[in-house]
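Shown next, in structure tokens, is the structure this report addresses.
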Amino acid sequence: MSNKIRRSMPLFPMGTVMKLTELSARQIRYYEEHQLIRPERTEGNRRLFSLYDIDRLLEVKDLLDEGINMAGVKKILLQEENKEVHSNVKEAAGKDKKDFTNEEVRKLLRKELINAGRFHRDDLPPGERYRYFH
DNA sequence: CTTCTGACA
DNA sequence: TGTCAGGA
């Protein structure tokens, strides 16, 4: 269990994380706003990221590159929501839950969300949210 | 010098 | 998302 402690230990400042992830400070802060990471803060309000945070950011980056939008990324990475979506995907495939490995679920989920992200623009105002649907 | 928040010619 | 301001 000490590995868990290390991975969640607040270690590096913004500058280091920017280089390690190839992400801009703007993007990193934006993902934090969306609860994708929860870095600690120093007494001076400076962010301190853990190895776990680095992993998360890298995953977010990959998912986004695959064409998935923030809404999709959040569904995949946010703990609780994750369980539900996984169940839905398993059911949608008409297969018993325990017949799927985590890898298979990841694959199905990604495919599903790539399409969802292509038509459902959560970042657009309510009225235009589906303008790319037709 | 580095990072933070808020804002948008 | 970039970038600038103004402060810590």
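Quick caveat: nothing in here was measured; it's all calculated off a predicted structure. We name chains A, B, ... by the order of the sequence lines, and we start the count at 1 in each one.
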Would L57(A) and Y31(A) satisfy side-chain contact (heavy atoms from CB on, under 4.5 Å), going step by step from the backbone distance to the final call? CA-CA 8 Å; L57(A) 289 172; Y31(A) 303 151; 3.9 Å; yes
side-chain contact (heavy atoms from CB on, under 4.5 Å) between M70(A) and L36(A): does it pass, once the steps are laid out? CA-CA 10 Å; M70(A) 281 304 299; L36(A) 269 28; 3.6 Å; yes
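- Both I37(A) and L64(A) belong to a common hydrophobic cluster when Ile, Leu, Val, Met, Phe, Trp and Tyr are linked at side-chain heavy-atom distances under 4.5 angstrom.
- Of the residues in residues 17-31 of chain A, those with a non-hydrogen atom less than 4.0 angstrom from any atom of DNA chain C are S24(A), R26(A), Q27(A), Y31(A).
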Can you give the dot-bracket line for DNA chain C, using ( ) for pairs inside the strand, [ ] for pairs that cross earlier ones, | for pairs with another strand and . for unpaired bases, where Watson-Crick and G-U count if both distances are under 3.5 Å? .|||||.|
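- Side-chain atoms of R56(A) come within 3.5 Å of backbone N or O of L77(A) as a donor-acceptor pair.
- Between R29(A) and M14(A), the closest side-chain pair of non-hydrogen atoms falls below 4.5 Å.
- At a threshold of 4.5 Å between side-chain heavy atoms, the hydrophobic network of Ile, Leu, Val, Met, Phe, Trp and Tyr places M18(A) and V60(A) in one connected group.
- Using modelled atom types, one side-chain atom of S8(A) and one backbone atom of K4(A) make a donor-acceptor pair closer than 3.5 Å.
- For the side-chain hydrogen bond (donor to acceptor under 3.5 Å, both in side chains) with Y30(A), the qualifying choice from Q27(A), E33(A), H34(A) is H34(A), the only one to do so.
- Across the protein-nucleic acid pair, E33(A) atom CD and dA7(B) atom P stand 12 Å apart, rounded to whole Å.
- A salt bridge is defined here as a Lys NZ or Arg NE, NH1 or NH2 lying under 4.0 Å from an Asp or Glu carboxylate O, and R26(A) with E32(A) fails to meet this definition.
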Taking N or O atoms only and anything under 3.5 Å, show me the protein contacts with nucleotides 6-8 of chain C, one pair per line.
none

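- Between K61(A) and L23(A) the shortest side-chain heavy-atom distance falls below 4.5 Å.
- Atom NE2 of H34(A) is separated from atom P of dT1(C) by 10 Å (rounded to the nearest Å).
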